[in-house]
Protein chains: 2
Amino acid sequence: MSSVTHQTIRQSILERIQKGEWALGELIPGEAVLADEYGCARTTINRALQGLASEGLIVRKRKGGTRVSEMPVRQAKFDIPIVREQVEAFGAQYRHQVLRKAEKVPPLGIRTRLGLEKGAKALQLDTIHLADGRPFAFEARWVNLQVVPEMRNAPLDEISANEWLVQTVPFSSGDVVFTAVSASKEVASALEAKEGAAIFVIDRTTSLAGDFVTTMKLFYREGYQLYSQL
Amino acid sequence: MSSVTHQTIRQSILERIQKGEWALGELIPGEAVLADEYGCARTTINRALQGLASEGLIVRKRKGGTRVSEMPVRQAKFDIPIVREQVEAFGAQYRHQVLRKAEKVPPLGIRTRLGLEKGAKALQLDTIHLADGRPFAFEARWVNLQVVPEMRNAPLDEISANEWLVQTVPFSSGDVVFTAVSASKEVASALEAKEGAAIFVIDRTTSLAGDFVTTMKLFYREGYQLYSQL
DNA sequence: TAGTGGTCTAGACCACTCA
DNA sequence: GAGTGGTCTAGACCACTAT
């Protein structure tokens with residue numbers, strides 16, 4: 001294959017943008033022109049430019065042409081891993097322990113997030129995740145049993161609720177919120193931290209085809225950092 | 001255009017995966033077969049499958065075929081916005097104030113992150129971002145003057161360092177770390193919070209073509225939440 | 001070595017939107 | 001109305017890798 005591929009073109013145009021060949025908001029040459037310039041088919045240019053557009057570096061409009069983005073949106077992508085993998089990535093041994101497993105009527109906030117009717121029960125699951133025997137993260141979870149009734153019988157000694165759900169209900173979607181909170185008495189004791197310690201929290205709700213499956217708060221031990229590249 | 005587009009096909013195949021038509025790790029039909037099934041060109045199928053692969057839902061290998069991902073990686077994407085836009089998104093009025101602007105030799109940690117030689121000076125900039133006059137975020141920044149010497153004369157009364165850099169050195173890359181910390185005396189006073197309060201921190205280092213431009217810690221006011229979709 | 005995905009091309013038509 | 005990007009097609013060749 002020649003060295004003129006959509007990837008090399010994409011890289012080349014990226015560098016031209018970074019070098020300032022076109023100012024912010026300025027029109028860059030059309031696909032036809034670039035195709036001629038790079039000596040390739042318009043399709044190939046199109047693919048390169050669509051890649052850059054999906055990253056937010058350029059803005060494309062029919063008839064309006066392609067412009068360098070005026071407000072390049074910086075996007076960070078995070079892999080949201082399974083806690084066990086995080087622990088093992090630290091080179092530590094993973095273990096988890098279910099602290100509470102109860103079927104009961106959830107508080108209003110949880111009920112809303114799971115889309116449950118008033119009085120409906122859900123499964124409450126509190127888990128502590130351990131790295132080399134020391135607390136790594138505390139998980140407070142509610143599961144919608146109307147969607148995954150099998151969860152009642154999941155072997156939670158062998159596999160964490162997190163992983164069981166990933167395997168049983170894969171490819172669900174959802175949202176995530178990151179926050180910092182002061183450790184409550186309950187969280188502090190689970191994490192063996194002082195009450196009031198600054199704790200990094202991931203608050204996550206998962207849904208499958210419009211049904212809310214589970215909502216969870218994950219409280220990490222003090223000093224935990226979540227890393228990503230722009 | 002017919003209703004058979006790469007997008008509709010992608011959605012269709014996504015639904016088939018979610019419905020469990022193929023088990024985790026199972027081989028799905030080849031491009032040629034799917035093209036026949038959907039009555040379109042192989043190119044179109046290819047585009048749809050590449051989209052799903054880029055999201056980590058399927059894994060593709062030449063000769064090996066396409067398989068449903070065994071460990072679907074959940075990725076969260078965040079827009080990392082400019083603080084002013086965050087404040088204005090809350091419907092509040094934005095204002096900022098430079099608390100410190102000094103050219104001096106940075107501590108070792110900062111020096112390393114900016115790739116500076118021993119004894120080299122950098123620009124230290126502390127800024128408080130205000131929403132309706134109340135502290136929203138405290139920014140502690142160091143700028144590599146070897147890369148952006150113009151920063152010395154930037155009109156920081158009119159435009160925040162953040163925005164000035166985005167406009168002057170757009171399209172840079174970098175990394176981000178999210179953490180929770182207890183407010184130090186300095187941070188607490190800047191944010192008008194209690195010492196020891198749980199503060200959400202974004203720690204960010206930016207580079208351009210291998211040169212480190214700036215490193216910054218952004219301490220958000222108590223209760224701040226960063227939201228994203230999976 | 002054979003089969004699968006990765007990519008390019010050339011041409012075509014369509015959809016949007018600016019003037 | 002005209003110019004730009006969005007997409008599809010049909011065919012071709014290549015690159016990787018499982019067998």
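This structure is a prediction, so every number in the text was calculated from the model and none was measured. Residue numbering restarts at 1 for every chain, and letters A, B, ... go by the order of the sequence lines. Side chains are part of it too, since the values below use all heavy atoms of this structure and drop only hydrogens, waters and symmetry mates.
Distances from the side chain of A:H6 to the nucleotides D:dT7, C:dT7, C:dG6 place C:dT7 closest.
A salt bridge links B:E55 to B:R10: one of the charged nitrogens lies within less than 4.0 Å of a carboxylate oxygen. Under 4.0 Å is where a charged nitrogen must lie from a carboxylate oxygen, and between A:R141 and A:E139 at least one such pair does.
Proximity of A:W142 to A:R113: side-chain heavy atoms (C-beta onward) are nowhere separated by under 4.5 Å.
For the segment residues 37-59 of chain B, the set of residues with a heavy atom within less than 4.0 Å of an atom of DNA chain C comprises B:R42, B:N46, B:Q50, in numerical order. At a non-hydrogen distance threshold of 4.0 Å, nothing from residues 22-30 of chain A comes into contact with DNA chain C.
Note: B:L208 CG to B:L165 CG = 11.0 Å, rounded to the nearest 0.5 Å. Here OG of B:S172 is found 11.5 Å from CG of B:D211. Values are rounded to the nearest 0.5 Å.
Protein atom CG of A:L34 is 13 Å distant from nucleotide atom P of D:dG6, rounded to whole Å. A straight line from CD1 of B:I9 to P of D:dG6 spans 19 Å, rounded to a whole angstrom. Between B:E31 atom CD and D:dG11 atom P there is a gap of 16 Å when expressed in whole angstrom units. Atom CZ in A:R10 sits about 11 Å away from atom P in C:dT7, given to the nearest Å.
Atom OH of B:Y227 has more than 12 neighbouring heavy atoms from other residues, nucleotides or ligands inside a 6.0 Å radius.
Proximity of a side-chain donor or acceptor of A:D132 to a complementary backbone N or O of A:Q93 within less than 3.5 Å is detected. In terms of modelled atom types and a separation under 3.5 Å, the side chain of A:R95 and the main chain of A:L130 share no donor-acceptor contact.
Note on ring orientation: taking the six-membered ring where Trp is involved, the planes of A:F78 and A:F178 are perpendicular (angle over 60°, cut-offs 30° and 60°). The aromatic rings of A:Y224 and A:F136 sit perpendicular to each other, their planes meeting at more than 60°, with 30° as the lower class boundary. Using bins of under 30°, 30° to 60° and over 60° for the plane-to-plane angle, the ring pair A:H129/A:H96 lands in the tilted bin.
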Check the interface with nucleotides 17-19 of chain D: list each N/O to N/O pair with the protein under 3.5 Å, or write none.
none

